[in-house]
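Let me begin by presenting the structure, written as structure tokens, before commenting on it.
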Amino acid sequence: AQTVTQSQPEMSVQEAETVTLSCTYDTSENNYYLFWYKQPPSRQMILVIRQEAYKQQNATENRFSVNFQKAAKSFSLKISDSQLGDTAMYFCAFMRGSGAGSYQLTFGKGTKLSVIP
Amino acid sequence: DARVTQTPRHKVTEMGQEVTMRCQPILGHNTVFWYRQTMMQGLELLAYFRNRAPLDDSGMPKDRFSAEMPDATLATLKIQPSEPRDSAVYFCASGEQGNQPQHFGDGTRLSIL
């Protein structure tokens, strides 16, 4: 079974600064996808960014980028120019690309990020 | 923007009562997932469907939970009888194809007294 570990239960960052959230995962698969989801106090689950394991290039989405280290099974999220609206729980998630249990998400426990004015 | 719609948004009921949660996936999405979120366990997959067929419900307590898709626009999750330990936020998510990102509804916050 796949496991996803987020080792930072809580983090804080000053507005306009940069913060990096950590995520590691354990799998024997070669075909998989990784995601970061954001859950603000409103409870919505919002997709932030997606990475295909077969792609070497790190995904970016505006102020959000990832550092995907496949050999190390690491998938960290960098938020640049942090904004107050970035305050939320951030979940790292793993998805198998094929075989039994594919296409379902396995989530980490989350990191609570607070952006301080 | 198309959205996954879940009803009700909140539900409070007494233990032993039947609870039904509904989900309307995004039109055209052929995979539907049910997740449960609690403080202790985080987000857990309960069940998922592809083209309305159940593919995996191993995360769901079979004796009291059931999930169905009577048609492509409706997924339901039922708990009968409900217990206080079922109190959680239940999310429905849908996806366009297997490996595409899942889009989540706003969740149903369930409280069993």
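Heavy atoms only: backbone and side chains are in, while hydrogens, waters and symmetry mates are out. Below, read A as the first sequence line, B as the second, and so on, with proteins coming before strands; counting in each chain starts at 1.
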Practice item. Please indicate whether D71(B) has more than 12 foreign heavy atoms, meaning atoms of other residues, nucleotides or ligands, lying under 6.0 Å from its CG. Key: yes

Check your understanding: In terms of hydrophobic clusters joined by side-chain contacts under 4.5 Å, are I26(B) and L77(B) together?
Key -> no

Check your understanding: Taking a hydrophobic cluster as the set of Ile, Leu, Val, Met, Phe, Trp and Tyr residues connected by side-chain heavy atoms closer than 4.5 Å, whether directly or through intermediates, do F104(B) and M21(B) fall within one such cluster?
Key -> no

Review point. By a 4.5 Å heavy-atom criterion (distance strictly below it), what part of E44(B) contacts chain A: side chain, backbone, both, or neither?
Key: neither

**Study point:** Residues of residues 107-117 of chain A near chain B, each having a heavy atom less than 4.5 Å away
**Key:** F107(A), K109(A)

Review point. Should we count NZ of K78(A) as having more than 12 external heavy atoms under 6.0 Å?
Key: no

Check your understanding: Can you find a pair of side-chain heavy atoms, one from R43(A) and one from V89(B), that are under 4.5 Å apart?
Key -> yes

Practice item. Could you tell me which portion of Y32(A) (side chain, backbone, both or neither) has an atom closer than 4.5 angstrom to a non-hydrogen atom of chain B? Key: neither

Point to revise | Minimal non-hydrogen separation, L43(B) against M45(A), with atom names | key: CD1-CE, 3.6 Å

Check your understanding: Under a 4.5 Å heavy-atom cut-off, does chain B meet the side chain of Q39(A), its backbone, both or neither?
Key -> side chain

**Study point:** Contact class of R3(B) relative to chain A, heavy atoms under 4.5 angstrom
**Key:** side chain

Exercise for review: Side chain from CB out, backbone as N, CA, C, O: work out which of these in M40(B) comes under 4.5 Å of a heavy atom of chain A, or both, or neither.
Suggested key: backbone

Review point. For K70(A), does the NZ atom have more than 12 heavy-atom neighbours from other residues, nucleotides or ligands under 6.0 Å away?
Key: yes

Practice item. Kindly work out whether a path of hydrophobic side-chain contacts (I/L/V/M/F/W/Y, heavy atoms less than 4.5 Å apart) joins Y48(B) to M69(B). Key: no

Point to revise | Contacting moiety of T106(A), where chain B heavy atoms sit under 4.5 Å | key: neither

Review point. So do F91(B) and Q44(A) actually touch side chain to side chain, heavy atoms under 4.5 Å?
Key: no

Exercise for review: Report yes or no: do V48(A) and F68(A) belong to one cluster of Ile/Leu/Val/Met/Phe/Trp/Tyr joined by side chain heavy-atom distances under 4.5 Å?
Suggested key: yes

Check your understanding: Just by distance, with hydrogens left out, do Q102(B) and Q104(A) show a side-chain donor and acceptor under 3.5 Å apart?
Key -> no

**Study point:** Hydrophobic cluster membership, Y90(A) vs Y25(A), 4.5 Å side-chain cutoff
**Key:** yes

Check your understanding: Are there more than 12 heavy atoms of other residues, nucleotides or ligands under 6.0 Å from atom CG of L84(A)?
Key -> yes

Check your understanding: Considering all heavy atoms of both residues, which atom of R50(A) and which atom of P101(B) are nearest to each other, and what is their separation?
Key -> CD-CG, 3.5 Å

**Study point:** Part of L105(A) within contact of chain B (heavy atom distance under 4.5 Å)
**Key:** both

